[in-house]
Amino acid sequence: MQSAAWRRHLLDHHLSPSTSAAIAAFRSASQPGLAPQGLFGADGARCMSARAPAVKGSGHLVRKGTGGRSSVSGIVATVFGATGFLGRYLVQQLAKMGSQVLVPFRGCEDSPRHLKIMGDLGQIVPMKYHPRDVDSIKAVMAKSNVVINLIGREYETRNYSFEEVNHHMPEQLATIAKEHGGIIRFIQVSCLGASPSSESRMLRTKAAGEQSVFKEFPEATIMRPATMIGTEDRILNRWAQFAKNWGFLPLVGGGSTKIQPVYVIDVAAAIVNSLKDDGTSMGKIYELGGPEIYTVHELAELMYETIREWPRYVNVPLPVARAIASPREMLLNKVPFPLPTPSIFNLDQINAFAVDNLVSEDGEDLAYKPSNTLPFLSLLAQVLLIHPSAALTFEDLSIMPQKLKGYPVEYLVSYRKGGPSFGSTVSEKMRSSEM
């Protein structure tokens with residue numbers, strides 16, 4: 001290294017001034033990342049432009065390269081919940097455009113291991129933290145200019161309640177991001193159907209989390225995805241496993257509830273597109289539903305057709321389903337041992353699926369609906385917590401969501417009894433029986 005630098009110095013010394021200037025200009029143009037190594041070592045110069053926007057009072061994002069994974073997008077994103085279902089797809093889309101992604105994790109060292117290969121060398125940075133330790137949260141945000149919160153839970157545990165996970169944690173992250181001074185964008189991923197009046201505690205705490213985020217960070221962007229479908233999803237996988245083990249699938253209330261499931265990759269693309277805009281998505285709420293509306297029964301039919309099993313259902317009335325799921329909720333904090341994770345009979349999911357869960361047509365669910373019994377000043381304060389506007393969707397983010405039938409549910413072939421090529425579809429069986 002030193003000998004090469006010495007030879008370059010001798011060469012420049014014997015060249016004419018005009019030639020030396022031309023060579024210097026060429027070097028600066030072809031190697032824009034060359035800079036004093038400073039605190040971050042030899043690789044620090046390559047990442048320096050990505051780190052710069054995190055400094056308070058800095059200007060626009062500095063971008064370099066052609067836009068691939070070896071480029072510098074200017075985004076240094078801390079993605080809380082990156083080791084979860086949506087997180088792996090979001091990290092992949094951020095990394096492939098040249099972003100540096102900081103991955104906070106609280107489990108073992110293997111938790112974020114699958115994410116490191118998604119980006120260029122050194123661009124995916126796992127960092128140990130604890131969600132109840134403010135100093136560790138500040139440490140994982142220190143070099144960021146974008147914070148994305150994917151933390152969420154559809155059931156409670158002995159250690160973490162809905163209120164803490166879905167409400168207090170987003171509020172704490174938004175507060176720290178605002179105090180940071182260099183966080184340009186804050187994105188909170190909530191849930192379609194989040195409402196203070198919902199029967200589901202999960203959806204009520206999601207709505208409270210949205211209000212707290214807007215209160216602490218008014219420029220935040222809220223994403224409300226519908227039920228997400230993908231290889232690691234928590235609905236079709238559970239249904240297929242239950243049907244394979246027991247030979248039938250229970251449908252709460254006959255499966256008549258309407259939902260709007262969405263492909264998980266489309267949700268990740270929507271988050272990335274909101275970061276690419278000129279700031280129009282700041283302070284907005286987006287409802288991300290799929291292009292087709294299904295009843296729960298129709299979605300179960302799609303699952304059965306993909307795994308090539310004859311559909312068998314057991315209709316479970318809503319009160320009976322609630323009675324089956326209630327004992328876990330009552331005993332959760334009363335027994336000295338952890339209870340099993342709910343799968344089909346999850347009380348909050350049952351309550352959430354008790355009513356249709358669709359994208360709003362006119363934004364009526366996005367505005368706060370005050371009560372007439374509150375004083376005027378309290379009314380005004382609560383109205384300002386939520387930004388009333390029309391329902392923004394995938395279309396406003398220039399995304400055409402994929403239909404579920406086909407590739408998005410192809411992962412279910414692993415549940416076929418005799419392998420991926422086993423059996424025939426329900427439609428083929430119907431045609432053969434008619435013949």
Side-chain angles (χ1 to χ4, degrees), residues 84-94 96 114 118 189 191-193 223-244 248-249 251 255-273 286-313 343-344 349 353 356-359 393-434:
F85 174 35
L86 173 60
R88 66 178 63 206
Y89 298 98
L90 177 59
V91 170
Q92 188 267 338
Q93 295 207 24
L94 286 171
K96 76 178 183 180
H114 61 286
M118 295 181 179
V189 177
C191 186
L192 186 64
M223 298 290 179
R224 289 180 176 177
T227 302
M228 290 185 289
I229 304 297
T231 306
E232 304 84 10
D233 69 38
R234 302 184 183 95
I235 179 168
L236 293 186
N237 277 306
R238 289 176 178 174
W239 288 358
Q241 189 65 47
F242 192 98
K244 188 175 181 178
F248 70 93
L249 181 67
L251 289 182
S256 59
T257 304
K258 294 180 180 179
I259 57 177
Q260 206 166 342
V262 60
Y263 191 28
V264 63
I265 292 181
D266 293 332
V267 177
I271 297 174
V272 172
N273 278 18
Y286 290 86
E287 295 194 339
L288 308 178
E292 298 174 314
I293 295 176
Y294 290 82
T295 63
V296 174
H297 181 269
E298 291 171 346
L299 189 60
E301 288 284 331
L302 177 61
M303 181 272 295
Y304 268 115
E305 182 177 359
T306 307
I307 67 173
R308 294 180 176 175
E309 294 281 347
W310 193 264
R312 297 180 179 89
Y313 303 107
S343 55
I344 298 294
Q349 193 171 34
F353 280 1
D356 296 342
N357 192 8
L358 306 175
V359 172
T393 61
F394 279 115
E395 184 178 356
D396 299 283
L397 294 169
S398 303
I399 293 176
M400 182 69 69
Q402 300 184 52
K403 295 182 178 180
L404 290 189
K405 192 169 184 178
Y407 180 75
V409 295
E410 192 174 306
Y411 63 93
L412 291 174
V413 300
S414 62
Y415 293 98
R416 293 176 184 171
K417 286 183 178 179
S421 301
F422 175 79
S424 56
T425 63
V426 174
S427 58
E428 290 171 346
K429 290 180 180 179
M430 294 295 291
R431 286 197 297 270
S432 61
S433 63
E434 291 173 359

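Just so it is clear, the structure is predicted and the values come from calculations on it, not from any experiment.
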- Item | Heavy-atom pair with the smallest gap, counting every atom of P261 and I229 | CB-CG1, 3.8 Å

- Task: Considering non-hydrogen atoms only, spot the tightest contact between P408 and K403 and give its length.
- Result: CG-O, 3.3 Å

- Heavy-atom side-chain contact between Y313 and Y304 under 4.5 Å: yes

- Message: My understanding is that only residues two or more places apart in sequence, or in another chain, count here; which of them pass side-chain hydrogen bond (donor to acceptor under 3.5 Å, both in side chains) with Q93?
- Response: none

- Rounded to the nearest 0.5 Å, what's the gap from OG1 on T227 to CG on L236? Could you check? 9.5 Å

- Query: Of all residues at least two apart in sequence or in a different chain, which pass the salt bridge (Lys or Arg N to Asp or Glu O under 4.0 Å) check with K244?
  - Reply: none

- Message: Once salt bridge (Lys or Arg N to Asp or Glu O under 4.0 Å) is applied, do any residues pair with E232, and if so which ones, sequence neighbours excluded?
- Response: R88

- Query: Is there a donor-acceptor contact under 3.5 Å from the side chain of Q260 to the main chain of G290?
  - Reply: yes

- Task: Measure the spacing between CZ of R238 and CD of Q349 and express it to the nearest 0.5 Å.
- Result: 6.5 Å

- Message: Between Y89 and Y263, is the ring centroid distance below 6.0 Å?
- Response: no

- Query: salt bridge (Lys or Arg N to Asp or Glu O under 4.0 Å) with R312: which residues, sequence neighbours excluded?
  - Reply: none

- Message: How close do T393 and V359 get, counting heavy atoms only, and between which atoms?
- Response: CG2-CG1, 3.8 Å

- Query: Atom CG of L251 and atom CG of L299: how far apart are they, to the nearest 0.5 Å?
  - Reply: 10.0 Å

- Hey, is K405 close enough to E292 for a salt bridge, meaning N to O under 4.0 Å? no

- Message: If you count heavy atoms of other groups shown closer than 6.0 angstrom to OH of Y407, is the number above 12?
- Response: no

- Task: Look up atom CD1 in I344 and atom CD1 in I235, then write down how far apart they are to the nearest 0.5 Å.
- Result: 8.5 Å

- Task: Of all the heavy-atom pairs spanning L302 and Y294, show the shortest one and how long it is.
- Result: CD2-OH, 4.1 Å

- D233: side-chain hydrogen bond (donor to acceptor under 3.5 Å, both in side chains) partners, not counting sequence neighbours: N237, Y411

- Message: With a 3.5 Å distance limit and no angle check, can you tell me whether T257 reaches the backbone of F353 through a side-chain donor-acceptor pair?
- Response: yes

- Does some side-chain heavy atom of L192 sit less than 4.5 Å from a side-chain heavy atom of L288? no

- Please, which pairs that meet salt bridge (Lys or Arg N to Asp or Glu O under 4.0 Å) have at least one residue in residues 255-269, sequence neighbours excluded? none

- With a 4.5 Å heavy-atom cut-off, do L249 and E309 have their side chains touching? no

- Roughly how far, to the nearest 0.5 Å, is the CG atom of N357 from the CD atom of E287? 9.0 Å

- Taking all heavy atoms of P291 and all of P401, pick out the closest pair and write down the distance. CG-O, 3.7 Å

- Could you pull out the closest heavy-atom pair between A268 and L86, with the gap in Å? N-CD1, 4.0 Å

- Can you check whether T306's main-chain N or O pairs, donor with acceptor, with R416's side chain at less than 3.5 Å? yes

- Item | Gap separating the CD1 atom of I307 from the CG atom of L412, nearest 0.5 angstrom | 7.5 Å

